[in-house]
A.B. asks: 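Could you have a look at this structure, given as C-alpha cells, before my questions?
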Amino acid sequence: MKLTTYAGNLHDLSVLKNLNYDEVILGPKTLSRFGTLSPEDFMSLSTRARDLGFRVLLEWDILMTEDVFVSVLPHLKALLPFADAIRVQDPGALHWCLENTYHPIQFIAENGNHNLKALEGWVELSQGRLERVVVSLELSKDLLKNYIKNLTIPCELLGLGRILLFYTPRPLLSALAPEKVSQNELIMALGESEESPHKGFPILENHHGTFMFHIKEFCLIDFSSELKEMGLGYLRIDQRFETPSQVEKISKLIEEFSLDQFENFKSSYSQDLMRGFYLVNKTDILFPKLKNSRLQQREGTFIGEVLEAEKGSHLAIMVKNPRGLKKTDQLKILHPKGEVIFAGIFSLKNLSDEQVEIVPYGEMALIQYVGGVWVKSQVFYHMIKE
Amino acid sequence: MKHPSVPEILAPAGSLEKLKVAVLYGAHAVYVGGQKFGLRTAADNFTLDELKAGLDFAHERGVKVYVVLNSFLHDKDLFELPEFVKYLEEIKTDAVIVSDLGVVKTVREYSQIPIHISTQASTLNVHSAKLWKKAGASRIVLGREVSVKEAGKIKREAQIEIEMFIHGSMCMAYSGHCVISNFTQGRDSNRGGCAHSCRFEYSLEDLSTLEKKKAYFMSSKDLEGLRLLPLFIEEGIDSLKIEGRMKSHLYAGTMSKVYSEALGFYSEHHHFLSDDLLRWEEELKRVSHRDYTQASLVEKAGAQSIFNERENSTEGQWRMVGSVVEANPKAGIVVEVRNAFNKGDELEILPFKGPNISLVASEIQDLSRKEILRTKPTTLVRLPYVEGVEKMHLIRHRISP
C-alpha cells in the first residue's frame, strides 16, 4: 500500500520527498474543486516534482456543464504535458481523456458506486485506460475487501481528510451578503442547524461553487495495517485544509503504527475524527420506518380501503383489485389498529344505489355496514386456507 | 415549413391513483416507482399488480410509463433486481430510469428495456452523454444545472434523446452528490432516505468577519419553465419532466394539464401567443409551491434562485377538497372528500381539458341522500349533477381571498 497526497508548493515537495512518497496530486485552480495553483505555478511545481522523481497526478475533479467544460479545456490542454496521469470524477472528463489523451486515468468513484458491478463497469468502459479507481468513503471494510480482490486495477481510499457532504455550483454564501464580497473570492463559514445535532459544518465557497463538509474528518489511520493486508493500492492523506499540514506525522504513524501515538495525534489534531461506515454501513436500516406499514400490504389479496363507514348504513370500498368485488366474496378486514374482522357480503351496491353482483376494478362498492370497521380499514379477500 | 416536434410532458405518479390523474389530465408519459430501487422510500409507490394496472391504464390511452430504478444500489440490493427487471419487461415497461452503472449493466443483462440515465447521475455535458450512450443508455435526464441551450448542443453532438426538468422542487446540490443525510442521520440519500437537510435553517458564522446570520441558504426555489417552452422546442428537447412523486393529486393533475395544454396549443398554432398563457401561469401559482425560478435553464442560477424561507409560498392558497368518484344524473356528483367544505361554498372543478367549471355547493347529501351542511374529510358526499363533470375530476376550493 502506497501513500498519496496533495502538494501545493515546493516545501510540500521536499517534505514528501523525505517521506518517500513517489507521487503527488496537483490541483489547478481552474480544474480542481479546491485547487489553488495557477497554470504557471502548476507547471513549475510539476517540473520540480518530476525533477525530484515524483509522478505528477493532475486533478480535474470539478463537475462541468457543457459551457464550463468547453471553457476549461484550453487550461487542461496547456497542463497535460506536465502531468503523468489525470484524476477525473465527471464521466464527461473521463470520456474526453479516453478520446483525446494517452495519459493513464484515475477515476474518482467516490459518489455512489457502491457495488462491484458499477466499478467493473467503469473499468470496462475505459477500455484498459484506467490505472486506479478512487472508491467511496461509505464502503464497509467487507465490501472494500471484495472490491480490492476482484477489481483488475488498484483502489485508492481516503485515509485522512475532510468528508465532502454537499457540492453545488451555486454561490450560496456570497448570496447572503453580496455587497461584502467580490466575485470568485474564497469565503469560509461554519454552519449549524437546530434540526441537526451536529454543530460547526465547515462551508466553503469558491469560483467552482459551494461545498459543505462534515464536522469531523474521516480517518482510517488506525486501520492502516488492515488496509495494507487487504491489498489496498493507495491510501490518500488530504491535508489541504489543515494548517500547518500534519502529513509528516500522519505518514510516519501509518508506517509505524502505535496506539499511544495515535491517541496523542488525535488529541492534538484540529478536528475530531471518525471512521464513517468502515466497520458497517447500515444507512438503509431506517427505511422500513419511513414507510407507512399499511401501504406495504397491497399485494395479492388486497381489495381496497374503506373510504366511508356509516354506522347502520354502509361501508364504501374503492375496489383496487383487478378481480373486482363479488357478492359471493368473503372478506377479511384489517382495522387501522390491527384488529382483524371477517365478514360476508349481504348487500352490494354501486353509487347509483343499484344492487349488483360485482363491482369492477376502479369503482366504488357499497356493502352493508360491518360493526367495528373504521375508515381506512383495509379489505382483503379471505383465504380459507390461511 | 416543417415545424419542430414538441417534447413529451413527463409527469410524476407517486401512486396508481396519481398515475391515472396525470394520464387523464394530459401527460404524455409518467414515471413511477416500485417498492424498491427508487429514491422515494416514503412514497406509496407501486406494488407489482399496481405497476401492471398502471401500465395497462396508461398504454390504453397512448401514454408511456417509465419506472425509476435510480438508487445507487449496494451489492446486496442488486440480488433482487434481475427478477424485477424481467417483470418490468414482461409488463411492457417503456423505459427504466437509472443512475448507477451497476444497475445499467443489470438491466442490459436481463432485458431489452430502454435505459434513461437519471438526473441523479448529474450528466452535464456532451462527453458525459456520449459515455452513457456507450454504456447502453437511450436517453439522458440532464442535471438541473444545464441550460436549455447547452442541452440542445448535448443532444446534437451526442445524438441521444434528452430529457430536462421543467417544473418542481430542486436539489441545491448536484444531484447524487449530496450525502448530508448519510453522515448526519444515518439515512442514505442516494437510496431513498434523503432527510431534506438542505431545507433546514442554518446559523452561519463567517470566518473572516465572525458575523453570524441565520438563513435557509441551501434551500432552492422551485423550477418553473412555462415561458421557456419555445426554447425547449427550438433546441429539440425530447422530454420535459415535472418533479414531484411525493406531491398531491392536485399537483399531478394541474401540472399535467397546464404543460400539455400549452404544448397542444403550440402543435396546433406553431406559436405560444395564446390568450391562455396568463391562465396557465395562474394555474401554476394556485398549486402549493416555493417561489418560482428558472434556475439555470437560461443563465446560471445565482443568488436569486435561493428560496431562503421555511414555508411554501402563500400564492398557492387553493386546496383540493376532493375528487369525483362517480358522476351521472342518477348518482349525482359523488365526491371523495379530502378537505372539508360547506354548503354554499364556491368550488372549482378541474376538467381534463379546458377552463375550470365553477360550482356552488348548493346542496350536499351524504351517500344515504340525507342533506348535510358541512362535509368531513374521508367521507363520500353527493353534489347535484352538472353536465361535463366526469369521474376522476379534481375539485378545489379557495382557502383565502
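All figures in this text were calculated on a predicted structure; none of them were measured in a lab. FYI, side chains are in, hydrogens and waters are out, and symmetry mates aren't considered; it's all heavy atoms of this structure. A note on names: the letters A, B, ... follow the listed sequences, proteins ahead of strands, and every chain is numbered from 1.
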A.B. asks: With only heavy atoms counted, which part of A/Asn281 is less than 4.5 Å from chain B, the side chain, the backbone, both or neither?
C.D. replies: side chain
A.B. asks: For A/Tyr147, which atoms come within 4.5 Å of any heavy atom of chain B: side chain, backbone, both, or neither?
C.D. replies: side chain
A.B. asks: Under 4.5 Å heavy-atom distance to chain A, tell me which part of B/Ser296 shows up: side chain, backbone, both or neither.
C.D. replies: neither
A.B. asks: Taking the side chain from A/His314 and the backbone from A/Ala316, do they hold a donor-acceptor pair closer than 3.5 Å?
C.D. replies: no
A.B. asks: What part of B/Glu145 gets closer than 4.5 Å to chain A, counting heavy atoms only: side chain, backbone, both or neither?
C.D. replies: both
A.B. asks: With a 4.5 angstrom heavy-atom cut-off, which part of A/Phe277 approaches chain B: side chain, backbone, both or neither?
C.D. replies: side chain
A.B. asks: Angle class for the A/Phe69/A/Trp60 ring planes (parallel below 30°, perpendicular above 60°, tilted otherwise)?
C.D. replies: tilted
A.B. asks: Is it the backbone or the side chain of A/Leu366 that comes under 4.5 Å from a heavy atom of chain B, or both, or neither?
C.D. replies: side chain
A.B. asks: Please look at A/Val70 and chain B and tell me whether the side chain, the backbone, both or neither of the residue comes under 4.5 angstrom of a heavy atom of that chain.
C.D. replies: side chain
A.B. asks: Describe, in one word, how the ring planes of A/Phe107 and A/Trp122 are oriented to each other, choosing from parallel (under 30°), tilted (30 to 60°) and perpendicular (over 60°).
C.D. replies: tilted
A.B. asks: Check each atom of A/Ile215 against the heavy atoms of chain B and say whether the ones under 4.5 Å are side chain, backbone, both or neither.
C.D. replies: neither
A.B. asks: Can you confirm if the aromatic rings of A/Phe166 and A/Phe211 lie within a centre distance of less than 6.0 Å?
C.D. replies: no
A.B. asks: Quick one: side-chain hydrogen bond (donor to acceptor under 3.5 Å, both in side chains) partners of A/Asp353, sequence neighbours excluded?
C.D. replies: B/Arg369
A.B. asks: Measure distances from B/Val325 to the heavy atoms of chain A and classify the residue's part below 4.5 Å as side chain, backbone, both or neither.
C.D. replies: both
A.B. asks: Side chain, backbone, both or neither: which part of A/Met64 has an atom under 4.5 Å from a heavy atom of chain B?
C.D. replies: both
A.B. asks: Give a yes/no verdict on a cation-pi contact between B/Lys221 and B/Phe307, requiring under 6.0 Å between NZ or CZ and the six-membered ring centre and an angle within 45° of the axis.
C.D. replies: no
A.B. asks: Tell me, side chain or backbone of B/Lys214 under 4.5 Å from chain A's heavy atoms, or both, or neither?
C.D. replies: side chain
A.B. asks: Does any donor atom in the side chain of B/His177 or B/Ser122 lie under 3.5 Å from an acceptor atom in the other side chain?
C.D. replies: no
A.B. asks: Can you list the residues that meet the side-chain contact (heavy atoms from CB on, under 4.5 Å) rule with B/Lys330, with sequence neighbours excluded?
C.D. replies: A/Ser352, A/Glu354, B/Asn328
A.B. asks: Could you tell me if A/Glu205 and A/Ser174 have a donor-acceptor pair between their side chains, going purely by distance under 3.5 Å?
C.D. replies: yes
A.B. asks: Where on A/Leu139 is there a heavy atom nearer than 4.5 Å to chain B: the side chain, the backbone, both, or neither?
C.D. replies: neither
A.B. asks: Examine whether an atom of A/Lys199 lies under 4.5 Å from a heavy atom of chain B, and if so say whether it belongs to the side chain, the backbone or both; otherwise answer neither.
C.D. replies: neither
A.B. asks: Could you tell me which portion of B/Asn308 (side chain, backbone, both or neither) has an atom closer than 4.5 angstrom to a non-hydrogen atom of chain A?
C.D. replies: side chain
A.B. asks: Could you tell me which portion of B/Met218 (side chain, backbone, both or neither) has an atom closer than 4.5 angstrom to a non-hydrogen atom of chain A?
C.D. replies: both
A.B. asks: Measuring heavy-atom distances to chain B, does A/Asp90 have an atom under 4.5 Å in its side chain, in its backbone, in both, or in neither?
C.D. replies: side chain
A.B. asks: Check whether A/Glu99 gets within reach of chain B through its side chain, its backbone, both or neither, counting any heavy atom under 4.5 Å.
C.D. replies: side chain
A.B. asks: So for B/Lys134, is it side chain, backbone, both, or neither that comes closer than 4.5 Å to the heavy atoms of chain A?
C.D. replies: both
A.B. asks: Just by distance, do the side chain of A/Arg170 and the backbone of A/Ala175 share a donor-acceptor pair under 3.5 Å?
C.D. replies: no
A.B. asks: Side chain from CB out, backbone as N, CA, C, O: work out which of these in B/Asn182 comes under 4.5 Å of a heavy atom of chain A, or both, or neither.
C.D. replies: both
A.B. asks: Could you check whether A/Asp142 and A/Asn146, counting side-chain N and O atoms only, form a donor-acceptor pair closer than 3.5 Å?
C.D. replies: no
A.B. asks: Can you tell me which portion of B/Lys391 sits under 4.5 Å from chain A's heavy atoms? Options are side chain, backbone, both or neither.
C.D. replies: side chain
